K.L.:
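Quick one: the structure is below, questions incoming.
Naming convention: chains lettered A, B, ... in sequence-line order (proteins, then strands); numbering from 1 in each chain. No experiment lies behind these values; they were computed from the predicted model shown.
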Amino acid sequence: MKSMALINILLVDDSEDDVEFTLKALEKTKLANSVSVVNDGIEAMEFLRKEGKYATAPTPSLILLDLNMPMKDGREVLTEIKEDPNLRKIPVVVLTTSQAEEDIVRSYELHANCFVSKPVDLEGLVKVVQRIDDFWFGVVQLPTER
Amino acid sequence: MFSSPLFELVLESITEGLIVADQSGKFVLFNAAAEQILGAGPTTGAPVEWATTYPTYLPDSDSLCPAEELPLVRALSGETVRDMHLRIRRPDGSVRDLSCNAHPLVDHQSDKKGGVVIFRDISDEVSIHQKLEETVTALRISNKDLEQFASVAAHDLQEPLRSVSNYLQLFLEAVPTTDETALRYVERISAALKRMQALINALLNYARIESRARPFQPVDCAVVVANCLENLRSSIKDKDAQVTVGELPVVLGDESQIGQLFENLISNAIKFSHEQPVISISAEIKGRLCEFRVRDNGIGIQPRFHERIFLIFQRLHAVGKYDGTGIGLSICKRIVARHGGDIQVESDNDRGSTFIFSLKCAEDSIQ
């Protein structure tokens with residue numbers, strides 16, 4: 001483990017229920033983390049750019065991004081993140097119920113760091129979230145904060 | 001140039017309109033049917049005036065047909081015209097659709113030239129065709145709606161279902177209980193949710209028979225049935241079922257759908273049994289069709305239910321007794337219908353059931 005500093009994860013998902021389940025799953029992971037939640041793409045970009053009410057928002061170490069959302073969807077958010085030199089190094093995990101080949105291909109084309117199909121049951125979700133957490137905060141080396 | 005009593009009789013007895021003109025455009029013959037169809041008698045006007053005298057239009061156009069495109073005018077200039085569609089407005093205002101054939105005429109004895117046009121009223125055919133097209137369009141829209149409905153079922157209906165199931169689990173973690181009644185309720189809720197999920201999936205499969213259809217190609221039924229038996233291996237083993245497969249031909253169809261058809265029928269044969277299931281699958285070639293029989297020694301079906309079992313979501317037994325969604329046979333029926341055939345059952349209480357359906361043989365399996 002690299003540091004005991006609180007790891008911040010940004011969860012972008014419009015479904016209240018899915019947010020609840022993902023939070024629950026994150027709660028069950030071993031690593032300490034704090035999670036910020038936004039419900040659409042516009043809020044996500046405001047959060048990441050520390051605009052408006054997000055002026056004091058932390059820079060997340062990892063983004064969990066849903067694809068299908070109103071107003072600004074995950075594909076647009078992904079595009080904007082990866083075009084922004086300040087944001088593009090934050091790993092983005094696309095976490096969606098979609099299993100469509102076109103969504104997978106499109107996500108990687110837009111430089112998603114990985115695409116994970118969200119399991120439909122809680123048990124599966126807990127396992128997947130645990131693995132995401134383990135991998136990104138236990139295995140990989142992330143760039144250090146500026 | 002043409003006259004004999006027999007010829008006159010023939011001319012007046014045919015239902016097609018017939019007009020003959022000489023080279024100058026003067027009408028030499030004009031039969032009764034022509035007058036009836038056009039709603040007007042012969043004219044002495046020149047060919048350039050014909051389209052005005054008998055207001056003639058090209059289909060889907062509001063302006064008069066140019067004189068040089070009229071079939072008889074074309075015939076007079078040596079051209080043969082086949083099945084040309086024209087529309088005329090009769091003096092009484094009614095509009096009729098005509099199919100016209102025209103041909104140049106040469107009388108070798110007198111060296112006179114001319115032309116003939118023969119036409120019939122196809123208004124009824126045109127309107128039937130239009131109605132048919134409208135019906136097909138309406139059907140297409142309704143199929144599209146069904147597909148839309150299916151994707152709604154897939155996504156929007158399943159989502160809240162998943163939430164209920166997950167919250168149930170979280171609820172149990174938040175409020176642990178050892179109360180037997182409470183635990184039994186939880187179990188029932190879970191079972192109901194699973195069933196709902198299965199129903200939605202079944203409905204989705206049903207809707208996708210058309211929308212996910214693949215083009216027909218030769219399908220080896222022996223291979224398809226062998227795969228089905230492999231898929232059903234565990235339930236065959238559980239019930240110690242005896243399955244005999246006769247010689248099966250190559251048919252023309254959608255392989256995955258034909259697989260689903262056999263699998264549904266065989267799994268029903270295994271499921272609806274009260275002793276060791278004995279199942280036989282056979283085929284008999286009848287001309288270009290192949291008749292399949294899937295026979296079992298199971299609980300059978302009373303004749304009064306023989307039609308109902310193919311309807312969607314119809315079940316003859318309580319959910320607890322035989323599980324399933326009540327959609328399997330309606331899927332079978334829809335698959336067979338898409339392949340141009342029909343499916344029937346021969347059965348009675350406690351006498352087993354035989355499901356009979358036909359599929360088209362692939363060319364090379366017809367001897």
K.L.:
Step through the shown structure and confirm whether more than 12 heavy atoms of other residues, nucleotides or ligands are within 6.0 Å of CD on A:Glu51.
P.N.:
yes
K.L.:
Can you list the steps and then say if A:Thr97 with B:Arg162 is a side-chain contact (heavy atoms from CB on, under 4.5 Å)?
P.N.:
CA-CA 11 Å; A:Thr97 45; B:Arg162 242 177 29 229; 3.5 Å; yes
K.L.:
Checking B:Ser163 against chain A: side chain, backbone, both or neither under 4.5 Å from a heavy atom?
P.N.:
both
K.L.:
Any chance you could measure A:Asp17, atom CG, to B:Glu159, atom CD, to the nearest 0.5 Å?
P.N.:
8.0 Å
K.L.:
More than 12 heavy atoms of other residues, nucleotides or ligands under 6.0 Å from CZ of B:Arg338: is that the case?
P.N.:
yes
K.L.:
I'd like to verify something: which residue of A:Leu125, A:Asp18, A:Leu122 has the highest number of heavy-atom pairs under 4.5 Å with chain B?
P.N.:
A:Leu122
K.L.:
Does atom CZ (B:Phe305) have a neighbourhood of more than 12 heavy atoms from anything else shown, all under 6.0 Å?
P.N.:
yes
K.L.:
Taking atom CD of A:Glu20 and atom CG of B:Leu170, what is their separation to the nearest 0.5 Å?
P.N.:
7.0 Å
K.L.:
Which pairs with one or both residues in residues 173-185 of chain B pass side-chain hydrogen bond (donor to acceptor under 3.5 Å, both in side chains), sequence neighbours excluded?
P.N.:
A:Lys28-B:Glu173
K.L.:
Counting only heavy atoms from other residues, nucleotides and ligands, does the tally under 6.0 Å from CZ of A:Arg131 exceed 12?
P.N.:
no
